[in-house]
Amino acid sequence: MLSNYLVDKMVESEVIQKEDKDVYLYGLNQGFTIIQNIFITLIIGGLFGNIIATCVFLMVYIPLRSFAGGYHAATPKKCFIYSILLILVIQLYFLYLFKSMYQWICPVVLISSFIIYI
């Protein structure tokens with residue numbers, strides 16, 4: 001795995017201490033998982049022709065999910081499946097409902113942002 005390779009190289013190069021290997025391995029694994037999920041989300045957004053809307057969704061969803069928490073799946077595989085299903089639902093929303101409800105987007109975003117801020 002790439003994470004193991006990178007951490008081993010950091011230990012060999014004396015960038016990190018061997019005792020800290022597990023911490024760095026965990027951090028790299030988490031980082032790669034986040035990058036993978038963002039990449040897959042962007043691919044799905046591209047397939048639906050909604051790259052800009054997908055980027056805006058990610059810019060709003062990632063901080064909200066990070067700070068507000070939410071549902072945690074029992075396994076990483078289930079988490080991945082639930083995330084993909086969520087992205088597909090959002091893409092279908094962008095594709096079908098967003099265009100018909102365009103006049104409501106700005107007020108809803110402003111009100112939602114205010115509520116989240118509070």
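In what follows, residues are counted from 1 in the order of the sequence shown. Computed from a prediction, not measured in an experiment: that's the story for all the values here.
- Think of Tyr26 as one node in a network of Ile, Leu, Val, Met, Phe, Trp and Tyr side chains linked at under 4.5 Å; it has no links at all.
- Both Tyr5 and Val7 belong to a single network of hydrophobic side chains, linked directly or stepwise wherever heavy atoms of I, L, V, M, F, W or Y lie under 4.5 Å apart.
- Using a 4.5 Å heavy-atom threshold, the side chains of Ser113 and Val60 count as separate.
- For the atom pair OG (Ser83) and NZ (Lys78), the distance works out to 13.5 Å, reported to the nearest 0.5 Å.
- Considering CG of Asn37 and CD1 of Ile84, their distance stands at 7.0 Å, rounded to 0.5 Å.
- Note: the hydrophobic cluster containing Val15 also contains Leu6 (ILVMFWY, side chain heavy atoms under 4.5 Å, direct or indirect links).
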*side chain to side chain contact (heavy atoms under 4.5 Å, CB included) between Leu28 and Asn4, worked out*: CA-CA 9 Å; Leu28 282 174; Asn4 287 326; over 6 Å; no
_Between Ile40 and Phe80, does the side chain to side chain contact (heavy atoms under 4.5 Å, CB included) criterion hold? Intermediate values first, please._
CA-CA 10 Å; Ile40 290 171; Phe80 179 74; 3.5 Å; yes
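- Val23 and Val11 end up in different hydrophobic clusters when Ile, Leu, Val, Met, Phe, Trp and Tyr side chains are linked at under 4.5 Å.
- Pairs of residues two or more places apart, or lying in two chains, that qualify as ring-ring contact (aromatic ring centres under 6.0 Å, His included) and include a residue from residues 32-64 are Phe57-Tyr61.
- Counting heavy atoms from C-beta outward, Leu85 and Ile81 have side chains that approach closer than 4.5 Å.
- Rounded to the nearest 0.5 Å, atoms OG1 (Thr54) and CD1 (Ile43) are 11.5 Å apart.
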*asked:* Run the side chain to side chain contact (heavy atoms under 4.5 Å, CB included) test on Ile62 and Ile38 for me, step by step, so that the C-alpha distance in whole Å, both residues' side-chain angles and the decisive distance to 0.1 Å come before the verdict.
replied: CA-CA 10 Å; Ile62 290 172; Ile38 291 171; 3.8 Å; yes
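- Residue Leu2 places its CG atom among more than 12 non-hydrogen atoms of other residues, nucleotides or ligands, all under 6.0 Å distant.
- Annotation for Ala73 and Cys79: closest pair CB-N, 3.4 Å, computed over non-hydrogen atoms.
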*asked:* Checking Leu58 against Thr41 for the side chain to side chain contact (heavy atoms under 4.5 Å, CB included) test, could you report, in this order, the C-alpha distance in whole Å, the side-chain angles of both residues, the deciding distance, and whether it holds?
replied: CA-CA 9 Å; Leu58 285 173; Thr41 301; 3.9 Å; yes
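- If you take OH on Tyr82 and NZ on Lys77, they are separated by 11.5 Å, rounding to the nearest 0.5 Å.
- Residue pairs that meet the salt bridge (charged side-chain N to carboxylate O under 4.0 Å, His left out) test with at least one member in residues 13-25, sequence neighbours left out, are Asp8-Lys21.
- Atom CG of Leu25 and atom CE of Met10 lie 9.0 Å apart (nearest 0.5 Å).
- Put simply, Tyr93 and Leu86 are part of the same group of oily side chains (I, L, V, M, F, W, Y) that touch within less than 4.5 Å, one to the next.
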